[in-house]
Every structure is written in C-alpha cells, then in structure tokens.
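The figures that follow rest on heavy atoms only: side chains count, while hydrogens, waters and symmetry mates do not. Just so it is clear: chains get the letters A, B, ... in the order the sequence lines come, proteins before strands, and each one is counted from 1.
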Amino acid sequence: MRRPGYRGWWAAAGVALLPTVIPPVSLLFQVVGSGSALVIPAGRLMALLVNTTLLTIAVTITSVAIGLGTAWITTRVRLPLRRGWMTLAALPLVVPSYVAALTVIAATGPGGLLPGIPTPYGFPGSWLVLSFFTAPLAHLSLIPALRGIDPATEEAATGLGAGRWKVFGSVTLPQLRPTLVASGLLVGLYTISDFGAVSLLRYDTFTRAIYTLYRGQIDRRPSATLSLILMLLAVLILLVERRYRSRAALHGRRPRRARALLRLTRPGRIAAVSTLGLYALASLGLPLMVMGVTLARGLDAGQGIGSPGLEAARSLGVALVASVVTVVLAFPVAMVITRRPGRLSGWVESAMWGAYSLPHITVGVAAVGFALAWARPLYQTLVYLVIIYAAIFLPQVVGAAQDSLSRASPDLEYASRGLGRGALATLARVTIPLAVPGIVAGGALAFLSVMKELPATLLLRPNGFETLAIRIWSSTAEGFLTRASAAGLVLLAVSIVPLFLVMSRELRD
Amino acid sequence: MRRVVPGALLLAAAFAACGGEGGSDEGPLVVYSGRSEELVAPLIEDFESSSGAEVEVRYGDSGELAATLLAEGEETEADLFFAQDPASLGAVTDLMAELPEATLGLVDAKYRDRGGRWVGTSGRVRVVVHNTGSDVPLPQTIDDTILPEWAGQLGVAPTNGSFLAFVSAMILERGEDGAREWLEALATNDPVEFDGNAPIVEAIDNGELAGGLVNHYYLLRLRAEGAGQNAENWFIPAGDVGSLVMPAGVAITTDTANPDGAQQFVDFLLAEEAQSFFGTETFEYPLLEGVAAPEGVPALSEINSPDIDLSELAGVLDLATRLVAEAGLV
C-alpha cells in the first residue's frame, strides 16, 4: 500500500515526533524508576478529576464557539478593516493566562475599574478567562478551513432554496467538522495543562495541584505521579475523540473559484462589528486598560520600566525561530496523517500530543532530566529550548496544515509527477503552496504560544536569557507592577506586527 | 512565505547574540539566583564594576533552582546559589562548601547554617498586613489569626514558598500535630487563598480583606508603586512563628572552578554597600551590624522573633507541603 514516494515522509514524521515523546517517556521512567508517591488524599483526587473535566468541557465548547464566530465573520463578511479584525481576534492568544486572570481580578471587585462586579473567583472566572483567551486557537485553525470550502457547495444549497442559516447548518458546518474537532482538542488539552488562570482565580485542578507540589516539595515523585494521572486523562480524551471523529477527504475534483464576500445589511454589519468589538474589548481592551493604569501610576511614583527592548528581541527571535522549526517538523506529520490514513498514521497522530497536554512545568522537568542523562551538550542551550517548544506546540501546526492538505487533492501532486517534475519540485511548486494557508495559521499559533510560554522557558533557557514572559512573571511576583505592565504592553505590541504581516500577506483571498 | 523564512533566520542570528554567553578563558562567575532580577540586578552590576569579574546569572524560583542543582549534581556550572529562603539553601547543603569563619561571623548565628554552608544576606519578616480602616482586632499571637473574627477576612498564599517556610517553622516549634491542628483550624475559618503575597497586600489595600499573612516588604514595595496607603504592617508581638525572620542567603558550590571569585561575591553581599542596598532598595533587613533598617518598620532587634534553628527548615519542608494539602488549604 505504501507507495515509494512516501517513505521519506514517514521517516521525516518519525524524526519530528522524537522530541514530543521525550517528556512522557522521561516522566514514565521517573515514576517507574524511583517509585511512585501520592501525598494527595483520594477525596481530593476525585475532586481534582471532576473539576478538571468540568472546566475542560465547558471551555472547549465556548472557546470553539467564540472562535467560529470570529473566524466566520472575518473570512466571510465584507467589513471595514476586515484583515485588521482577523489579526486582532488572534492576538488574545499571546496574553499569558495569569496576566489575563490578573487583569480580571484587578478590573473587578472593590477598587477595580468595574467596582460593581464581584471578582468571579473559582469556576466562572476560570471558565471565562480560558474561553476568551484560547478562542484564537479555534479562530486561526478555522480561517483556512472556512476559506477552503468550495463555494459551489454552498451556492448549490442556496440555489435549491435553503436560507442562510440552513446553508450554514447543513452545508458549511459539516464541512468544518474535522477542523472544529481538531480545534476542540487544541483548546481542551490546553485547558487541562493551564496553570495561570486556575491558580490566580482559585479553581482547583490537576495542573494547579501539580505546580504546587513542584514548588513546595523537593521530592519530585508526587508531582510526577500526578502528572502521569493527568496524562491518562489526556489519553482518554484522545480516545473519545477518535471514536467519534469523521475523517473525510474534503477535496473535490475541480479547481476552486474565489468566493465573493457576503454583503450584510446595515443592522447585520453593525451586529458583526459589535461582536468582534466586544470580543476585542474584553480580551485586549481590558488588559490594555489595567496595564496602562498601573504603568501610569507607577511612572508617576517614579518607578522605572526596566529594559523591555532587549527582552522583546529575545522573545521575538526565539518565537520566530521556534515557529519556523515547528512548521518544518509538523509538515511531514500532517502529510502522512492526511495522505496515508491508517493504523500507523493513527499512532503518529496520537504521539504528537505527547507534550502538549502535560503541564509545561512537567515537560520542562522531564526535558531537564533527559538532557542531563542523555544529551548533556544540549542542556540549557537555545537549540534545546527551541526543540522542546516545537515538541509542545507541534499539534497546533499539524492541525491547521492537515486541514489545508485535506482540501487539496493529491491528484495535483500525481499530475505534477506525471508531467515529469521531481519529488522536490512537486513539493515546492504544488504541495507546499496548496498548504500555505494552514501552515501560516498554524505557524502563527505556535508563534503566539511561544511568545507567552513561561514554565518550560524558565527551566530550559540559557543563563541570562530573560524573555518578556519571564519578566512579566517575575516582576508581578515581586510587586514591580510598573515593570510588569510595561513588559505586558510590549508583548502585545511586538506580537501584533509579525502576526499582521504574515496574516495579511499569506491569508489573502 | 519565501520572504518570511530568511527573515526569521536573520532574526535568529541577531537574538543569539543577545543570549548572554560568556566567552572569556576563565569563564564568568555563574550565580543561580532565586532572588529575582528586579531585586538584585543593580547589585550584581555594582559587583561586576567594582571587582572586574564577569557574572552570569540564572534567575528562577528558589525551590526550582534548588531542584535543578540537585539534578545537576557535581556537574553544575553554578559557582554560587543566591536564594530567597533558608529551606531552598538547606535542601542543597550537601553540594555546598563550608564558608570561612570570618564570613560567617559577620551575621548573627540565628541567620546562618549551623554547618556553615550558607550565610544569610538579608532578613525578611512574616507579618500581618491589615487594612487601617478595618475593625478586626490585631492578633497578639499567631493563634489569634484563626479566631472567628477573622473568618473570611484573612488572606493567605498556601502554595507560596514563604508560607511553606512559615509552616515548616511551625512544625519545628510545635511538632507535626501542633502544626496540623493550627492548619486545620485555619482551613475551617474560611481563609481567602491567593497564589502569591503581592496580590494579598493589594486586596487588603483595596478594602477587600481585613488582613493577610505575608512578608513585611510587599507593602513597602506597593507604596513605592504609588499605592498601599490604606494598609499597614503589624508585627505579632508574642515571639511565635507569626513574626518569623527568614533570611535570604548565599552559598558556594563545592565544585566551583573559581572559589576566590565566589568568595569575593559573598563578601561583597555582606559588605556595607550591598547591605544598605537591601535596606533602601529591596526594603529588607540588613543583617550586618550597624546598617539601618528600611524606613517605616521597627528595627530587627525590636521584633520579637522566635528561636528556631533555620538549618532544620529544609528537612520538614516536604512535610509542611503535605500538611497544607491535607488540611485542605490548596
């Protein structure tokens, strides 16, 4: 069954997956090798399980719904500054979740900007914060999918007399289903690994318990054991997903036409713009306001802002490199999954989640252990840091690239080969150009995720390599609020430029 | 896409240059610092310019860095460990060299390792920060903070290193059962849990809470940021762990390639210049005799702090974490 042309892809996919299996395997060895230990009573373990599951389900549903809304409006509707909105709706992903949570805490309750609203501690706050700030995972994954749907299918339905909602529900949505499920996984498995929001908003989840153990205990067995239980939960989610997924080749046999943007009536346009506006206001306006106020107050009191310029250069540099590396590693994985579905590619697909669903502190500790034992020269180098970033964020790119690939017929590749083009030329001229929208969207996801990554960066970076995310965390913890706010504002400012450039150029219609 | 990739590679080259790699023959002095860059970077710059030495710092959480040191073992590149608390220092004493008597003698025996493997550099005191408009009576002992009048009014950071050090000290003072009892009483009194100390002080300043168990310098820090006018530090007078003094401290690794440079750094931290930096810039208590305490807090000698051998703190830290979890505080 395997055609000779795919041997290279399988090998490349295998290499790409090596780093993602380092953390889980290293963790397994740690627990098996040194013995397991649990300091958490069984009752609390059950509570952790219930809390984590509830939050994951709730966040996944709302986050994908928000992302579907923003992606649909910004790809389908004729709007002023449409691509600006498209970029803006992706940006909340770069806000570290503990900054998002801090913003909510600072903005509500007595003395906040919105003093009438009590601070939503516990489930409601964690749910809101995570839904709003992970929605870009769905937004960016769905943009290429929405653009990739052949307009003929929707036009046919309209021609047969279906109304706009009917078309959306019975034609558009089913074609989006694989991408919706994939982005649901991205959101859900991110949610179980998140620490910042749940810890500041005091919602007790597995990841919060794991961090507490890492920080408070010199003995690392309990935290490793708990991480392993969390990994089983992730495996369970993946199994459920696999049972209910549909996998279809979404490509037709004809070339696709460009699609005309939808012209809405005036009330429709106002509704669309205010939806986007409200989302941007909550997820970007609020943090900007809180950080702005804190910065102004601190500058007034004579505080300095530190040196965010150098930190911004490091963050940008490492995030750009890591996102390119992740794209390069993700491409062969996406190729074998879409072009050669089967048992082996099923394993490939499961293995790629190995690092994504673990708390990043667990990934970092496991990666430190691995490097000290087997790869000493890589320890605390930028190369290793980038490899681990790629290992964590690989699924974000694979998901988006997979989507574009499944909409491009392999017939085009066969045709190119048949006309005498070599394998590499076909790759460069046919396959990659067809996958560009997905690659760009996935690369943007990885870029934003690396920009804000903290726990693994702290453990794995070279000495002195302080990034914006590290600065925000450390300044916040020590009460240097002016510096933290300045670094937070710089993080948003420097993320938006490359994001806008790449999105407006590569996601043209 | 074609223009993005070379652009990214160019940036890669550029940022590799910002990576703080030392290139000289002897190599820089490597400090693992659990004290944050915000607090100690100016001090390290002063040391570099006065000694001519080059210093490379790995900043991080004290506990995480202690665990990193344990994982690296003898292969560590670190010459020094500059930590936030005695528990982190105590966890790695096996990897640390004995300091000379002249160095140890500069600070009170209370604030250094019994075996001479770390020495305190500045003092941090546990306090009750309280809202000045609140009518909840100020606690005279740490046991007053678990009275009904504090129900729902007391902020704590049960996962934070300082709180865990405080619980460890309580285990040393009262034994495991005594500490467990106190933690259980606290847990049933509806405390308000936070992730760190700074947000507790902010919540008290905003009037959300009557008070909280934190370290003394967070309020002084908040005032420097232009807020904090509605809150005050209260030093519990009973001489119990409620007013524990936890020194930040420094240690030299046994495997340092540069013992002289490392010793020079320790001496620098205990000299007058660095000591008064702690008093005025980080709002901590200098530990060298004769250097003034920060403005707005009583002198160290006026604080009735408990007599606890801090060298034993690390030994009960894991137990403290377990008790906190079992009491249902996290």
Do [X] and [Y] touch side chain to side chain, with heavy atoms closer than 4.5 Å?
{"X": "B:E202", "Y": "A:I105", "answer": "no"}
{"X": "A:I470", "Y": "B:E37", "answer": "no"}
{"X": "A:R461", "Y": "B:R58", "answer": "yes"}
{"X": "B:T282", "Y": "A:E478", "answer": "no"}
{"X": "B:E72", "Y": "A:Y379", "answer": "yes"}

Between [X] and chain A, with a heavy-atom cut-off of 4.5 Å, which part of the residue counts as in contact: side chain, backbone, both or neither?
{"X": "B:Y59", "result": "both"}
{"X": "B:A66", "result": "neither"}
{"X": "B:V31", "result": "neither"}
{"X": "B:L65", "result": "neither"}
{"X": "B:L222", "result": "side chain"}
{"X": "B:E75", "result": "both"}

Test item: B:E225 side-chain N/O and A:T482 main-chain N/O as donor-acceptor pair under 3.5 Å: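 Yes, the answer is positive, given that a donor and an acceptor are paired below the 3.5 Å cut-off.
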Side chain A:R297, main chain B:A227, donor-acceptor under 3.5 Å: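 No, because the side chain of A:R297 does not come within donor-acceptor range (under 3.5 Å) of the backbone of B:A227.
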Under 4.0 Å between a side-chain nitrogen and a carboxylate oxygen: does that hold for B:E38 and A:R483?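 Salt bridge absent between B:E38 and A:R483.
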Does atom CD of B:Q229 have more than 12 heavy-atom neighbours from other groups under 6.0 Å away?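 Yes, the 6.0 Å shell around CD holds more than 12 heavy atoms from other groups.
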Of the listed residues (B:Y217, B:F194, B:F163), which shares the most heavy-atom pairs with chain A below a 4.5 Å separation?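 Option with the greatest count: B:F194.
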